[in-house]
K.L.:
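Have a look at this one before I ask anything.
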Amino acid sequence: MLTGLHISNIVLIERLNLDFGSGLNVLTGETGAGKSILLDALSLALGARSDTGLIRHGCDAASVIAEFDTIPTDAYDTLSEFDIDTSDGLILRRTLSPDGKSRAWINDIPVSIKTLKSIGDILVEIHGQFANHTLLNQSTHRSTLDSFAQKNIIGFDELLSATRDAYKKYHTAQQKLSQLQETLSRSASERDFLEHNVNELRQLNPQPGEEDELSTKRTNMMNAEKNAAIISDAHQSLTPHGTSLETLLFNTAHILERIRGEINPFQDQIDKLYELASSVAEIADSLEPDATDTDDMDTIEERLFAIRAAARKHRVSADELPELLSKMESQLNAIDNSDAELHRLDTDVKKYRAEFDSCAKKLSVLRADAADKLRTMLLAELPDLKLGNADFSTEISDTSPSGTGTDDITFMIRTNPGSPFAPLHRAASGGELARLMLAMRVVLAGTDDCHTFVFDEIDTGISGATASAVGARLNRLAAANQALVITHSAQVAGYADKHFKISKSVADNKTTTSVHEITADERLHEIARIISGSEITPESITMAKTLIKG
């Protein structure tokens with residue numbers, strides 16, 4: 001629902017803040033007051049084509065902000081692409097500069113004008129100069145009829161779901177069959193090549209993570225070989241000039257032991273020399289390098305190089321080789337067992353197609369029932385809207401199978417007896433089209449996800465009972481949604497839940513349009529003005545009282 005519209009420097013509007021409510025919001029005013037400017041501004045916020053002529057004279061920029069508190073489900077996919085948070089509703093903002101540049105934001109996230117329009121078309125359906133009537137787009141007719149059928153035809157929803165499931169099974173089986181047939185068409189030229197690769201990879205038998213494991217072993221063995229040389233050098237340093245350091249220490253101790261006397265004054269040094277000699281002997285014994293198995297090293301390197309060569313050949317990583325082997329084996333197996341597999345898949349396709357055709361046929365019958373009911377309900381609305389000679393039908397034709405069946409739906413209309421039916425967007429124009437759209441929206445109320453409708457002067461060319469019928473239907477539509485109506489009809493204005501008056505004033509040689517909500521006596525006098533013109537009479541006041549809803 002549109003809750004707020006904020007306009008700055010658009011044509012005659014300098015600055016304007018409007019708060020709309022649920023139900024029927026009516027805007028009235030004298031001719032030329034600027035009612036169309038509001039629609040221009042709202043359309044700009046919804047992504048309409050920009051026009052620098054909309055910028056107020058003497059201003060360097062114009063902007064419009066539209067606030068919404070409810071978001072139709074159809075908008076979520078687009079909004080999620082831009083990571084837009086919708087927990088607090090939506091704010092659509094558009095700016096326009098004199099050089100023609102236009103920028104757009106949704107909840108302060110910059111978006112393209114195309115994205116803004118795609119969201120705007122979902123949020124608001126406009127019936128007027130910048131019409132984006134969803135129902136005039138033939139591609140929406142099937143989903144519209146289906147939404148109507150789900151609420152008015154028993155069992156339709158369940159059958160539609162069953163049709164989707166049946167089509168999914170059929171489509172999946174058909175894809176598998178097509179893939180197998182494509183594989184077999186290449187099998188004659190590819191089988192030998194495929195078999196060679198499978199045998200080669202089977203013989204290699206690569207394992208996930210094996211490349212890293214072999215590379216680590218190879219590095220460790222190379223390091224061990226280098227370390228052995230270092231240890232050998234250290235061992236040789238303990239035997240300078242060919243005599244071991246251990247021997248030198250023992251010899252030194254033996255020499256000191258020859259000192260005569262009751263107590264050898266160097267006994268402590270002798271003991272330490274023996275200890276040092278023993279320690280050196282232990283160290284020398286421990287400095288024996290592990291022997292490097294060169295044969296094992298060669299085996300590891302050959303295996304590692306073979307795995308990497310296979311990965312390069314098939315343009316995959318080494319870890320993907322086992323998966324590639326499995327895939328090739330499956331392809332080879334499919335070729336070798338093609339007859340049986342073809343028969344199985346062909347049987348599945350026929351079985352699931354039969355199930356789908358059965359569901360689709362039943363769905364077509366229910367759609368025809370829904371179309372009849374839609375026609376009956378719609379025709380009941382038309383006479384009061386001065387469309388009593390019009391007729392409506394739904395053309396159901398065959399189309400390619402899909403999850404929604406095999407039906408192509410087109411809404412058809414004729415406005416005069418004897419005339420041929422024609423697609424909706426070609427058969428009516430002007431006020432007829434606006435009233436027809438109103439009738440359809442009243443009948444379809446609650447079956448779609450568009451909550452805000454805008455009608456621009458839908459009452460053109462009608463008066464009296466017809467205008468009252470238009471107001472009553474706008475009121476019915478707005479009860480389940482929200483409607484904004486620009487009108488010159490007192491009968492329509494009388495149904496308003498919120499009434500806004502559009503005025504134009506001149507000050508300091510500047511013309512400005514203003515809008516404000518009117519209630520009580522001010523609203524009564526505005527409706528009386530619409531009835532009698534510039535001079536409000538007691539009779540027009542009395543008539544206005546009878547027209548005001550409630």
Side-chain angles (χ1 to χ4, degrees), residues 1-8 10 13 15-29 33-46 64-72 75 86-93 107 119-120 122-128 438 441-442 445-446 448-459 470-503 513-527 530 544-545 547-550:
M1 182 180 77
L2 177 66
T3 57
L5 184 63
H6 310 282
I7 307 170
S8 297
I10 296 288
I13 298 175
R15 189 169 299 278
L16 184 62
N17 297 301
L18 292 176
D19 295 323
F20 296 107
S22 59
L24 182 58
N25 295 256
V26 166
L27 297 100
T28 62
K35 295 186 291 295
S36 63
I37 300 174
L38 287 174
L39 189 56
D40 292 341
L42 175 59
S43 298
L44 193 65
L46 298 175
V64 187
I65 299 173
E67 299 179 3
F68 297 84
D69 65 352
T70 54
I71 300 123
T86 60
S87 57
D88 295 323
L90 284 181
I91 298 177
L92 277 54
R93 180 160 62 99
N107 286 5
I119 296 298
I122 295 173
L123 293 170
V124 180
E125 182 172 296
I126 298 178
H127 298 266
L438 173 60
R441 279 304 177 193
V442 168
D448 52 45
D449 213 4
C450 185
H451 302 296
T452 300
F453 301 94
V454 177
F455 292 89
D456 182 19
E457 300 188 2
I458 189 175
D459 49 76
V470 167
R473 282 155 180 80
L474 286 168
N475 184 56
R476 284 165 56 191
L477 175 64
N481 300 277
Q482 179 194 42
L484 275 63
V485 181
I486 297 174
T487 183
H488 290 291
S489 168
Q491 287 90 338
V492 172
Y495 280 96
D497 294 300
K498 294 190 79 170
H499 191 154
F500 298 87
K501 183 178 180 180
I502 306 172
S503 306
T513 291
S514 61
V515 184
H516 68 282
E517 185 179 0
I518 56 176
T519 57
D521 287 346
E522 188 177 6
R523 182 184 178 211
L524 180 66
H525 282 79
E526 171 63 9
I527 295 179
I530 297 173
K545 288 180 179 179
L547 292 178
I548 293 176
K549 183 180 66 172

K.L.:
Would you check if the side chain of N481 reaches a backbone N or O of L477 as a donor-acceptor pair within less than 3.5 Å?
P.N.:
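Looks like yes, one N/O pair under 3.5 Å.
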K.L.:
In Å and rounded to the nearest 0.5 Å, what is the CG to CD1 distance from L90 to I122?
P.N.:
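It comes to 10.5 Å.
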K.L.:
So how far is it from L2 CG to T452 OG1, rounded to the nearest 0.5 Å?
P.N.:
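So the gap between those two atoms works out to 6.0 Å.
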K.L.:
Just do the side chain to side chain contact (heavy atoms under 4.5 Å, CB included) check on K545 and L524 with the steps written out, would you?
P.N.:
CA-CA 7 Å; K545 288 180 179 179; L524 180 66; 3.5 Å; yes
K.L.:
Nearest 0.5 Å please: distance from the CG atom of D459 over to the CG atom of L438.
P.N.:
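If we round to the nearest 0.5 Å, D459:CG and L438:CG are 11.0 Å apart.
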K.L.:
Could you tell me whether the side chain of T70 and the main chain of M1 form a donor-acceptor pair under 3.5 Å?
P.N.:
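Yes; at least one donor-acceptor contact below 3.5 Å.
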K.L.:
Identify, with sequence neighbours excluded, every residue that meets side chain to side chain contact (heavy atoms under 4.5 Å, CB included) alongside S514.
P.N.:
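Scan of S514 (side chain to side chain contact (heavy atoms under 4.5 Å, CB included), adjacent residues dropped) gives S503.
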K.L.:
Using a 4.5 Å cut-off on heavy atoms from C-beta on, say whether the side chain of E522 contacts that of H516.
P.N.:
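Yes, close enough: below the 4.5 Å cut-off.
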K.L.:
Taking all atoms of both residues into account, what is the closest heavy-atom pair of I71 and G89, and its distance?
P.N.:
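For I71 and G89, the tightest heavy-atom pair comes out as CD1-CA, 3.9 Å.
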K.L.:
Under a 4.0 Å N-O cut-off, is there an ion pair linking E125 with R441?
P.N.:
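R441 and E125: salt-bridged.
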K.L.:
Ignoring hydrogens and geometry, is there a side-chain-to-backbone donor-acceptor pair from T3 to E67 under 3.5 Å?
P.N.:
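Yes.
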K.L.:
Is the closest side-chain heavy-atom distance between L44 and I10 below 4.5 Å?
P.N.:
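They are in side-chain contact.
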K.L.:
Determine whether a donor-acceptor pair (N or O, by modelled atom type, separation under 3.5 Å) exists between the side chain of N25 and the backbone of K498.
P.N.:
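A pair under 3.5 Å: no.
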K.L.:
Let's go through S43 and I126 carefully: what are the C-alpha distance in whole Å and the side-chain angles of both, what is the deciding distance for side chain to side chain contact (heavy atoms under 4.5 Å, CB included) to 0.1 Å, and is it a yes or a no?
P.N.:
CA-CA 8 Å; S43 298; I126 298 178; 3.7 Å; yes
K.L.:
Does F455 reach the side chain of I486, with side-chain heavy atoms less than 4.5 Å apart?
P.N.:
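Counting from C-beta outward, F455 and I486 never come under 4.5 Å.
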K.L.:
How about R15 and S8: do any of their side-chain heavy atoms sit closer than 4.5 Å?
P.N.:
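A side-chain contact exists here, since the closest heavy-atom pair is under 4.5 Å.
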K.L.:
Hey, what's the ring geometry for F500 with F20, parallel, tilted or perpendicular (30° and 60° as the breaks)?
P.N.:
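Geometry flag for F20 against F500: perpendicular rings.
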K.L.:
For a quick test of reading the model, state the closest non-hydrogen atom pair linking L547 to A490 and the distance between them.
P.N.:
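Where L547 meets A490 most closely, the heavy atoms are CD1-CB, 3.7 Å.
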K.L.:
Of all heavy-atom pairs between V442 and R473, which one has the smallest distance, and what is that distance?
P.N.:
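For V442 versus R473, the nearest heavy atoms are CG2-O, 3.4 Å.
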K.L.:
Is any side-chain heavy atom of I65 less than 4.5 Å from a side-chain heavy atom of I7?
P.N.:
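No, their side chains stay 4.5 Å or more apart.
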K.L.:
Donor-acceptor check, side chain of E526 to backbone of K501, threshold 3.5 angstrom: yes or no?
P.N.:
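Between the backbone of K501 and the side chain of E526 there is no qualifying donor-acceptor contact (under 3.5 Å).
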K.L.:
Minimum heavy-atom separation for T86 to N107, with atom names?
P.N.:
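Taking T86 first and N107 second, the nearest heavy atoms are CA-ND2, 4.4 Å.
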K.L.:
Mind running side chain to side chain contact (heavy atoms under 4.5 Å, CB included) on L5 and L16 for me, showing each step along the way?
P.N.:
CA-CA 8 Å; L5 184 63; L16 184 62; over 6 Å; no
K.L.:
Calculate, to the nearest 0.5 Å, the distance between atoms CG and CD belonging to L474 and Q491 respectively.
P.N.:
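Atom-to-atom, L474:CG and Q491:CD are 12.5 Å apart.
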K.L.:
Could you check if a side-chain atom of T28 sits within less than 4.5 angstrom of a side-chain atom of I502, using non-hydrogen atoms only?
P.N.:
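The answer is no, as the side chains (C-beta and beyond) never meet within the 4.5 Å cut-off.
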K.L.:
Are side-chain heavy atoms of V470 and I458 found at a separation under 4.5 Å?
P.N.:
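Heavy-atom side-chain distance check passes, below 4.5 Å.
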K.L.:
Can you tell me how far apart CG (L24) and NE2 (H499) are? Round to the nearest 0.5 Å.
P.N.:
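Going from the CG atom of L24 to the NE2 atom of H499 covers 10.0 Å.
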K.L.:
Is K35 reaching over with its side chain to a backbone N or O of L27, donor-acceptor style, under 3.5 angstrom?
P.N.:
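Absent.
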K.L.:
Search all heavy atoms of L123 against all heavy atoms of P72 and return the closest pair with its distance.
P.N.:
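It is CD2-CD, 3.5 Å.
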K.L.:
Search all heavy atoms of L484 against all heavy atoms of Q482 and return the closest pair with its distance.
P.N.:
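The pair with the smallest heavy-atom distance is CD1-CD, 3.9 Å.
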